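As the structure is a prediction and not an experimental result, all values here were calculated from the model. When a residue number appears, it is its place in the shown sequence, counting from 1.
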Amino acid sequence: MELYRGRLVDHIQLVVRDLKASRRFYGAVFDVLGIPVGGEAEDYFWADELFVSSVDSRAAQGVLTGRHHLAFQAKDRAIVDAWYKAGLAAGGEDNGAPGERPYHPGYYAAFLLDPDGNNIEAVFHGEAKRSAAAVEISF
């Protein structure tokens, strides 16, 4: 098995009310970002570091998660724009149209609320050079 990990977070679990609505939303926005859904079953799906399950999933222990803010990295401004449109079309609610933000020069982002009210962001930090796309973990 091989995993690819980014910077700080190993994984995050969201426990949602309507797994089908969440699967539709996250499938659409991940498709634009080029992130494949890694696996799914009747009560969960996962992509990269994000694990999403229904409240009746064994992994959820019967408790919904609270409201979260998740920010996904985009490769450029056009991806942020396309991500926003795809998310709206898949049931997301506007929480900040694409545009520059005052956090630092070049910070370009868009915000959507997912079907459970989580604040989901796509962000492009401006032109930069990465040492690697991700860290590969094999076991």
A quick test of your reading: do over 12 heavy atoms of other residues, nucleotides or ligands sit less than 6.0 Å from CZ of Arg67?
yes
Can you list the residues that meet the salt bridge (Lys or Arg N to Asp or Glu O under 4.0 Å) rule with Arg24, with sequence neighbours excluded?
none
Heavy-atom distance under 4.5 Å between the side chains of Trp83 and Leu33, does that happen here?
yes
Examine distances only and state if a side-chain atom of Arg17 and a backbone atom of Pro115 form a donor-acceptor pair shorter than 3.5 Å.
yes
For residues Phe124 and Val29: do they belong to one hydrophobic cluster (side chain heavy atoms under 4.5 Å, members Ile, Leu, Val, Met, Phe, Trp, Tyr)?
no
Closest contact, heavy atoms only, Leu112 versus Gly87
CD1-CA, 3.6 Å
Test applied, ring-ring contact (aromatic ring centres under 6.0 Å, His included); reference residue, Phe51; option that passes from Phe45, Tyr44, Tyr26:
Tyr44
Determine, using the 4.5 Å side-chain heavy-atom cutoff (strictly less than), whether Ile12 and Ile35 are members of one ILVMFWY cluster.
yes
Check: Leu14 main-chain N/O paired with Thr65 side-chain donor or acceptor under 3.5 Å:
no
Taking the side chain from Asp116 and the backbone from Val16, do they hold a donor-acceptor pair closer than 3.5 Å?
no
Determine whether His125 and Tyr108 satisfy the following criterion, side chain to side chain contact (heavy atoms under 4.5 Å, CB included), listing intermediate values before the conclusion.
CA-CA 6 Å; His125 288 282; Tyr108 187 85; over 6 Å; no
Closest heavy-atom contact between Ser54 and Leu19?
N-CD1, 4.0 Å
Polar contact flag, side-chain donor to acceptor under 3.5 angstrom, Asp94-Tyr84:
yes
Salt bridge (Lys or Arg N to Asp or Glu O under 4.0 Å) partners of Glu40, counting only residues at least two apart:
Arg23
Paired with Phe72, the side chain to side chain contact (heavy atoms under 4.5 Å, CB included) test is passed by just one of Asp48, Val80, Val123, Ile120, namely Ile120
Shared ILVMFWY cluster between Leu88 and Phe30, side chains joined below 4.5 angstrom?
yes
Note: Glu121-Arg101 ion pair, threshold 4.0 Å (strictly below):
no
If you apply the rule side chain to side chain contact (heavy atoms under 4.5 Å, CB included), what do you find for Asn118 with Leu70, and how did you get there?
CA-CA 8 Å; Asn118 293 297; Leu70 304 176; 5.9 Å; no
Residue pairs, two or more places apart or on separate chains, that pass side chain to side chain donor-acceptor pair (under 3.5 Å) and touch residues 28-37
none
Could you verify whether a donor N or O on one side chain and an acceptor N or O on the other, from Gln13 and Ser53, lie under 3.5 Å apart?
yes
Would a 4.5 Å heavy-atom cut-off, applied to side chains only, mark Asp18 and Phe25 as touching?
no
Val63 to Val15 - nearest heavy-atom pair and separation
O-CG1, 3.2 Å
For atom CD of Glu93, is the number of surrounding heavy atoms from other residues, nucleotides or ligands below 6.0 Å larger than 12?
no
